[in-house]
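Let me begin by presenting the structure, written as structure tokens, before commenting on it.
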Amino acid sequence: EAGVTQFPSHSVIEKGQTVTLRCDPISGHDNLYWYRRVMGKEIKFLLHFVKESKQDESGMPNNRFLAERTGGTYSTLKVQPAELEDSGVYFCASSRNRAQETQYFGPGTRLLVL
Amino acid sequence: KQEVTQIPAALSVPEGENLVLNCSFTDSAIYNLQWFRQDPGKGLTSLLLIQSSQREQTSGRLNASLDKSSGRSTLYIAASQPGDSATYLCAVRPGTDKLIFGTGTRLQVFP
């Protein structure tokens, strides 16, 4: 069974540009989560999808971030326009069920905004 | 507001030692607690998941305990090996589905 995959693995962009991150969850996992770690800080929750619906987006920092999950399969996270403080590692995770289940994490996308 | 703290921040031990990593959380109302391992430049690998009703979980040389009432969890690693070198993260799941992470313990096991 393939794990959670993320693309790209690294992205370097200039301030003001747009970047789109993609996450493919484990097949059959209805729950998809986005997290990020900025330099020197702990990993923090961004949002949670159940299938194609946003269940909780309380961690999204501002309206420059837009997450979608078309058809309840893969998800994208777009940052537009990117700012310097958006630099960090963006992780995606998925799980089959909700509260009782392990969340399985992808390798992350390392974003650097110059 | 739930806060998760991990002590120590870094640990360096010789191969073969048994060691304990600590995780504390401020709000005991959690569904479960999960321990992860992160290798440099890699994603998070789930090690153990302890439900709120459980006291401990074991996998190989790893044993995690949970004392919900005191807001503490420990990860015990027996007979440490150089391959155990990584950052260890604990995360709690409060009343919602998101995980709240600690800042991690960076472990180095030298031969």
Side-chain angles (χ1 to χ4, degrees), chain A residues 2-10 21 23-26 29-51 53-60 67 88-110 112, chain B residues 1-10 21-27 29-54 57 59 62 64 66 68 86-106:
Chain A
V4 177
T5 58
Q6 294 186 244
F7 182 83
S9 59
H10 296 79
L21 314 181
C23 168
D24 286 78
I26 294 171
H29 282 195
D30 288 340
N31 295 275
L32 187 149
Y33 309 83
W34 284 97
Y35 295 84
R36 77 171 178 178
R37 170 182 256 170
V38 296
M39 183 67 73
K41 302 283 189 177
E42 67 273 21
I43 297 171
K44 288 193 173 179
F45 168 83
L46 295 177
L47 87 160
H48 169 211
F49 284 99
V50 178
K51 297 185 179 178
S53 300
K54 291 177 186 175
Q55 188 70 27
D56 180 357
E57 51 185 328
S58 61
M60 294 288 264
V89 183
Y90 290 76
F91 292 102
C92 176
S94 72
S95 69
R96 188 180 302 276
N97 298 317
R98 292 171 66 175
Q100 302 300 314
E101 283 267 328
T102 297
Q103 291 186 18
Y104 296 92
F105 279 71
T109 293
R110 283 146 188 81
L112 178 60
Chain B
K1 177 187 171 186
Q2 178 74 270
E3 292 183 0
V4 181
T5 304
Q6 291 187 246
I7 294 173
L21 307 182
N22 296 292
C23 172
S24 61
F25 46 96
T26 54
D27 188 342
I30 63 171
Y31 276 136
N32 55 46
L33 182 147
Q34 199 165 347
W35 281 94
F36 293 90
R37 163 188 177 137
Q38 185 178 22
D39 294 281
K42 302 291 179 64
L44 280 65
T45 301
S46 179
L47 298 174
L48 291 163
L49 173 71
I50 311 178
Q51 304 296 349
S52 61
S53 58
Q54 297 176 320
Q57 282 285 333
S59 176
L62 304 179
L66 175 63
K68 208 174 70 159
T87 296
Y88 290 80
L89 299 161
C90 77
V92 299
R93 178 173 277 171
T96 59
D97 290 346
K98 63 186 176 186
L99 294 177
I100 299 176
F101 282 85
T103 50
T105 294
R106 190 170 65 254

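Letters go in sequence order (proteins before strands), and every chain restarts at 1. What you see is a predicted model, and the numbers here were worked out from it, not measured in a lab.
- For B/Gln6, no part lies near chain A; criterion is any non-hydrogen pair under 4.5 Å.
- Rounding to the nearest 0.5 angstrom, the gap separating the CG atom in A/Leu47 from the CG atom in B/Asp97 is 12.0 Å.
- Within 6.0 Å of atom CZ in A/Arg110, more than 12 heavy atoms from other residues, nucleotides or ligands are found, so the atom counts as buried in its surroundings.
- In this structure, no portion of A/Ser9 lies under 4.5 Å from any heavy atom of chain B.
- In this structure, the portion of B/Lys42 lying under 4.5 Å from any heavy atom of chain A is its backbone and not its side chain.
- Note that CZ of A/Phe91 and CD of B/Gln38 are 4.5 Å apart. Values are rounded to the nearest 0.5 Å.
- Of the two parts of A/Tyr104, neither the backbone nor the side chain holds a non-hydrogen atom closer than 4.5 Å to a non-hydrogen atom of chain B.
- Heavy atoms only, all atoms of each residue included: B/Arg93 and A/Glu101 are closest at NH1-O, 3.4 Å.
- Scored by the side chain to side chain donor-acceptor pair (under 3.5 Å) test, A/Glu57 finds no partners at all (sequence neighbours excluded).
- Once rounded to the nearest 0.5 Å, the distance linking NZ of B/Lys98 with CD of A/Gln103 reads 12.0 Å.
- In this structure, the portions of B/Thr103 lying under 4.5 Å from any heavy atom of chain A include both its backbone and its side chain.
- The contact between B/Leu89 and chain A is made entirely by side chain atoms (from C-beta outward), counting heavy-atom distances below 4.5 Å.
- Side chain of A/Tyr33 to main chain of B/Leu99: no donor-acceptor pair is present (N/O by atom type, distance under 3.5 Å, no hydrogens or angles).
- Within 6.0 Å of NZ in A/Lys54 there are more than 12 heavy atoms belonging to other residues, nucleotides or ligands.
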